[in-house]
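Here the structure is laid out as structure tokens; the discussion comes afterwards.
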Protein chains: 2
Amino acid sequence: MAKPHELRERGLRLTPQRELVLAAVRELDHATPEEIAEKVRQTHPGINLSTVYRNLETLENVGLVQHSHLGHGGASYHAAEELAHLHLVCGTCGNVGDAPIETALSFVNALTEDYGFRTDVSHFSVFGTCSTCSQAELS
Amino acid sequence: MAKPHELRERGLRLTPQRELVLAAVRELDHATPEEIAEKVRQTHPGINLSTVYRNLETLENVGLVQHSHLGHGGASYHAAEELAHLHLVCGTCGNVGDAPIETALSFVNALTEDYGFRTDVSHFSVFGTCSTCSQAELS
DNA sequence: TGTGAACTTGCGAATTATTCGCAATTAGTC
DNA sequence: GACTAATTGCGAATAATTCGCAAGTTCACA
């Protein structure tokens, strides 16, 4: 569970729902709002989906969680303190693989130098085909 | 307008709607289904949004158009023959800038070598902050 | 040139994901 | 303990996309 003071410190009230949402985000990783609600319901059955959405937004505003756009549209949330990494999204099987941000370092730097574009690596998704699906295609 | 045979060649029937959707995608670039429908309505007022969606899917299946995920969720369509480039999506102002795929070449190669992940550059979006918005933040 | 089967379209309804308004409840302050 | 503002639950409202189905079209072939 989230430590009380980390929420209070950021000017947020402490509610069981909010703590549970944050805890669920940390535990699940790359979870959709629906999945997060599901998780929270294990402890707090009555939580409303709106409450989950609102808390995710609030927690994101104070920098405790972040979202990224993986597959199709739906946002996916993860804890902000989690080590940033790249998301390799397979368009065929839908799996999301990880790679260290260092892999993209020179690419990110090139964008900054050439275009003044500051890439937000944590929001960054790479679409393609994973090795498993690539091999399956050949057979 | 799309040349008849390029649709027939791919086993598709030739309908005014289909031709117009393809033409609109080519003309607009990075357009949402809604925008494409809007464009088509200039010539064919009655076209239904479902028809636009279905044709985009069909045209994508035969490789004439492609979609990518830029900002928030909504898909954006462009012609397949268009020169592939990277999309630099600014999270602050929403603008979509372009950069040549070469910028990402070594990055893409690294992913292939290290993870067997074949990156689909045309589906690839880079989130961040554009130079204009970066400068605005400082003031 | 007809004809028929298969493909498409239009339309409205169904889904899905997300947001909003509002009254009731609750957390934090004094 | 009482007050104020933040938060929740709930149901309705949106927005984006998909689906079912009947009517209309396209194309292959006679």
Side-chain angles (χ1 to χ4, degrees), chain A residues 1-25 30-38 40-41 43-62 64-65 67-77 94, chain B residues 1-25 30-38 40-41 43-62 64-65 67-77 94:
Chain A
M1 175 86 95
K3 293 181 193 158
H5 57 269
E6 66 183 326
L7 291 170
R8 301 292 306 285
E9 258 168 15
R10 293 166 207 251
L12 297 184
R13 286 199 180 170
L14 215 54
T15 69
Q17 292 91 331
R18 185 163 287 161
E19 290 181 90
L20 287 163
V21 166
L22 179 53
V25 169
H30 293 165
T32 62
E34 190 62 62
E35 290 164 344
I36 292 164
E38 202 54 53
V40 172
R41 289 203 185 99
T43 324
H44 189 106
I47 196 169
N48 194 279
L49 200 47
S50 305
T51 302
V52 173
Y53 274 100
R54 284 185 291 222
N55 274 317
L56 287 171
E57 191 184 338
T58 305
L59 292 170
E60 184 155 31
N61 284 340
V62 299
L64 284 170
V65 312
H67 78 272
S68 47
H69 299 280
L70 307 183
H72 279 180
S76 176
Y77 288 82
Chain B
M1 175 87 93
K3 293 179 192 161
H5 57 269
E6 65 182 328
L7 291 171
R8 301 292 304 286
E9 258 169 15
R10 294 166 207 251
L12 298 183
R13 289 200 177 168
L14 216 54
T15 69
Q17 292 91 333
R18 186 164 288 163
E19 289 180 272
L20 287 164
V21 166
L22 178 53
V25 169
H30 292 165
T32 63
E34 189 63 62
E35 290 162 346
I36 292 164
E38 202 54 52
V40 173
R41 289 203 185 99
T43 324
H44 187 107
I47 196 169
N48 194 280
L49 199 46
S50 306
T51 301
V52 174
Y53 274 101
R54 283 184 291 221
N55 273 319
L56 287 172
E57 191 185 338
T58 304
L59 292 169
E60 183 154 34
N61 285 340
V62 299
L64 283 169
V65 312
H67 78 273
S68 48
H69 299 280
L70 307 182
H72 277 179
S76 177
Y77 288 82

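Within every chain, numbering begins at 1; the chains are lettered A, B, ... in the order of the sequence lines, protein sequences first and strands thereafter.
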**Request:** Find the distance Asn48(B):CG to dA23(D):P and express it as a whole number of Å.
**Result:** 17 Å
**Request:** Measure the distance from CD on Glu35(A) to P on dA17(C) and round it to the nearest whole Å.
**Result:** 10 Å
**Complete:** Side-chain atoms of Arg13(B) come closest, of dT17(D), dG10(C), dA5(C), to dA5(C)
**Leu14(B) CG - dA28(D) P separation (whole Å)** = 11 Å
**Request:** Check the distance between dT25(C)'s C1' and Ile47(A)'s CD1 and give it to me in whole angstrom.
**Result:** 15 Å
**Item:** Main-chain N/O of Arg54(A) paired with Thr58(A) side-chain donor or acceptor, under 3.5 Å
**Value:** yes
**Item:** Value in whole Å for how far the C1' atom of dC7(C) lies from CD of Glu57(B)
**Value:** 14 Å
**Asked** According to a strict under-4.0 Å criterion, is His69(A) in side-chain N/O contact with OP1 or OP2 of dA17(C)?
**Response** no
**Prompt:** For Ala75(A) and His67(A), which heavy atoms make the closest approach, and how far apart are they?
**Reply:** CB-CD2, 3.9 Å
**Prompt:** Between Tyr53(B) and dT17(D), is there a side-chain N or O to OP1/OP2 distance below 4.0 Å?
**Reply:** yes
**Request:** Would you classify Ser50(B) as touching base, sugar-phosphate or nothing, given that sugar-phosphate means primed atoms plus P, OP1 and OP2, and contacts are heavy atoms under 4.0 Å?
**Result:** base
**Item:** Rounded distance (Å) that lies between atom C1' of dA17(C) and atom OH of Tyr77(A)
**Value:** 11 Å
**Asked** Between dT9(C) and Asn55(B), is there an OP1 or OP2 to side-chain N/O distance shorter than 4.0 Å?
**Response** yes
**Item:** Given dA6(D), dG20(D), dA16(D), the nucleotide with the shortest approach to the side chain of Arg54(B)
**Value:** dG20(D)
**Message:** Whether Gln17(A) contacts dG9(D) is assessed here as follows: a side-chain N or O lying under 4.0 Å from the phosphate OP1 or OP2. Is that the case?
**Reply:** yes
**Prompt:** Distance-only, no hydrogens or angles: does the Arg8(B) side chain make a donor-acceptor pair with backbone N or O of Arg13(B) under 3.5 Å?
**Reply:** no
**Prompt:** So which heavy atom on Ala24(B) is nearest to which on Val40(B), and how close?
**Reply:** CB-CG2, 3.9 Å
**Request:** Starting from C1' on dC7(C), measure out to CG on Asn61(B) and report it in whole angstrom.
**Result:** 15 Å
**Message:** If I take atom CD in residue Glu34(B) and atom P in nucleotide dT14(D), what distance separates them, rounded to the nearest angstrom?
**Reply:** 16 Å
**Message:** Closest approach to the side chain of Arg8(A), judged atom by atom: which nucleotide of dT7(D), dG28(C), dT9(C) is it?
**Reply:** dG28(C)
**Fill in**
Side-chain contact check for Leu49(A): nearest option of dT18(C), dT26(D), dG28(C) is dT18(C)
**Prompt:** Does Thr15(A) put a side-chain nitrogen or oxygen below 4.0 Å from OP1 or OP2 of dT8(D)?
**Reply:** yes
**Message:** So, OP1 or OP2 of dA17(C): does either fall under 4.0 Å of a side-chain N or O from His67(A)?
**Reply:** no
**Item:** Heavy-atom closest contact (Pro33(B) atom, Val52(B) atom, distance)
**Value:** O-CG1, 3.8 Å
